[in-house]
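The block underneath contains the structure these notes are about, expressed in structure tokens.
Please read all numbers here as calculations on a predicted model, not as lab measurements. Residue numbers start from 1 in every chain, and the chains themselves are labelled A, B, ... in the order their sequence lines are given, proteins ahead of strands.
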Amino acid sequence: MPTPGNFSLLTTDGPARRAQLTTAHGIVETPAFMPVGTLGTVKALCPRDLHEAKAQIILGNTYHLYLRPGDDLVARHGGLHAFMGWDKPILTDSGGFQVFSLSSLRKITDEGVEFRSHLDGSAHLFTPEKVLDIQRNLGSDIMMVLDECVPYGADAEYTEKSLALTTAWAKRSRENHAPGRGGQLLFGIVQGGFHKDLRARSAEEICALGFEGHAIGGLSVGEGTAEMYELIASTTPLLPAEKPRYLMGVGKPLDILEGIANGIDMFDCVLPTRNARNGTLYTSQGKVNIKRAEYKDDGSPLDPCCSCYTCRTFSRAYLRHLFIAQELLSYRLNTIHNVHFFLELARGAREAIETGSFAAYQARYQAAYGESP
RNA sequence: GGUGGGGUUCCCGAGUGGCCAAAGGGAACAGACUGUAAAUCUGUCGGCGUCAGCCUUCGGUGGUUCAAAUCCACCCCCCACCA
């Protein structure tokens, strides 16, 4: 039985890789898409739905779970796996993204991040160490270090300072959490904004610290697709090939395939779940806005090529009706489908890499979703 | 029969002389969403338009006025209460 952290490369197709990452709660076949379950739930789904969609690993969020219900409470209930009834791997984000998205509520210091709760305004301090303590309470399989997600458009001076801080925090994180401790893996995060030289420096500094995996953070924060792809292409090769590579928060179907083409192994994104709730559904033929009037009388399935429960059972007309009527089932059926689609996207990519046909696989989606960038 | 209240753009509903094609909400029609403060947000929403404007509209008809959804007269509906 391989130990958590073991990452075995099975095969490659150009820079694209097919591998297995071992965690305390099982093996993750990569490339993998990880549905986001910020508050200990992939919104609108229950673990049964996730199993049916063949989800291998999901995300939880340190910041949000710390504030509510509290990581100590989760620990008292046996950790996040037991608490939410999910026995497969969980990756917890550190709260670094919230440092970015809730920027008006926080202040960054060398020590960490002082912030005010978006729920009740109470003051808190996140340090690299504190964030790991929380993630230990949550009992996630993969923990993320605290980082600063630099806003798009930040100049070199700010980015460089931020980068130094992120590296210092990463170092403290590694010192606080020895490899193998508690079976919990620790991933470092490369930042550096949109300055290639700073990205390279960050990659060098972060990868020198001996994390079990490496993430690229700070992308899809407002930049254009071309710029994002350029950065993925230039940064990914700087991450050690023998460790998993995780592109944080990305992305759209084509973004994910582009990442895989460049050698990324793991992805997470709120798009399938959020868009499901907002009526945008992903199909083999491209995006479908299910609230459009043209689907009012459409008795065909959302995507005839899809094997999810939603597509096997219901018509577009019914899905539109549920959405327009704001029925709760709408959110569930839409999310079941979108999550299935993203997981299937990754599963198909794994298969394509195994057969050496990833380029053709990517091209098929480019045809359906528009040439990119 | 009497008294009082009311009829506004698809719906509800503000507006009581000019700044009104008429607040606000809903519906409708589009669009956005990338480590989730998101079951959220944005746009359009009388017609025409070379975007300056022009035309039609506030129960009906007629009138007052430079100007009326707003004032007056009569008429038609609706609601409440009293007989």
The side chain of A/Gln98 is closest to which nucleotide in this list: B/U36, B/A30, B/C33?
B/U36

Hey, does the side-chain of A/Lys291 have a donor or acceptor N/O within less than 3.5 Å of a partner on the base of B/G31?
yes

Please work out which of the three classes, parallel, tilted or perpendicular, describes the rings of A/Tyr369 and A/Tyr365, given edges at 30° and 60°.
parallel

Spacing between A/Arg274 atom CZ and B/C33 atom P, to the nearest angstrom:
10 Å

Is there side-chain contact between A/His177 and A/Glu129, with heavy atoms separated by less than 4.5 Å?
no

Rounded distance in Å between the P positions of B/C33 and B/A27
23 Å

Should the pair A/Phe126 and A/Tyr63 be assigned to parallel (<30°), tilted (30 to 60°) or perpendicular (>60°) ring geometry?
perpendicular

Using 30° and 60° as the class boundaries, would you call the ring planes of A/Phe33 and A/Phe342 parallel, tilted or perpendicular?
tilted

Without decimals, in angstroms, what is the distance between A/Leu105 CG and B/A37 C1'?
8 Å

Rounded to whole angstrom, note down the C1' distance from B/C29 over to B/C20.
25 Å

Integer-rounded Å distance: B/G43 C1' and A/Asn278 CG
16 Å

Tell me which nucleotide among B/A32, B/C29, B/U36 gets nearest to the side chain of A/Val270.
B/U36

Can you find a pair of side-chain heavy atoms, one from A/Arg199 and one from A/Val190, that are under 4.5 Å apart?
yes

With distance as the sole test, does A/Glu205 use its side chain to make a donor-acceptor pair with the main-chain N or O of A/Ala170 at under 3.5 Å?
no

Looking at the side chain of A/Arg292, which of B/U34, B/G31, B/G35 is the nearest nucleotide?
B/G31

Expressed in whole Å, how much space separates the C1' atoms belonging to B/C41 and B/U36?
14 Å

Can you find an N or O donor on one side and an acceptor on the other, under 3.5 Å apart, linking the side chain of A/Ser101 with the base of B/U36?
no

How long is the line joining OH of A/Tyr66 and C1' of B/A37, in whole Å?
16 Å

When rounded to whole Å, the NZ to P distance for the pair A/Lys252 and B/G35 reads 12 Å

CD of A/Gln326 versus P of B/U40: gap in Å, rounded?
7 Å

Answer with base, sugar-phosphate or nothing: what part of the nucleic acid does A/Leu328 contact at a heavy-atom distance below 4.0 Å?
base

Rounding to the closest angstrom, what is the interatomic distance between B/G60 and B/C12 at atom P?
16 Å

B/G17 and B/A68, which share atom name C1', separated by this distance in whole Å:
6 Å

Looking across every strand, which nucleic acid part, if any, lies under 4.0 Å from A/Ser330 by heavy atom: base, sugar-phosphate, or nothing?
nothing

5'-most contact on RNA chain B (nearest-nucleotide basis), A/Leu102 vs A/Thr280, goes to A/Thr280

Roughly, in whole Å, what's the span from CD1 in A/Ile216 to C1' in B/U34?
15 Å

Has the side chain of A/Asn61 got a donor or acceptor that lies under 3.5 Å from a partner of the other kind on the base of B/G35?
no

Between B/G6 and B/G13, how many Å separate the two C1' atoms, rounded to a whole number?
13 Å

Under 3.5 Å on both distances, the Watson-Crick or G-U partner of B/G24
B/C12

In whole Å, I'd like the distance from the CZ atom of A/Arg320 to the P atom of B/A28.
7 Å

Is there a Watson-Crick or G-U wobble partner for B/C33 with both distances under 3.5 Å, and if so, which one is it?
none

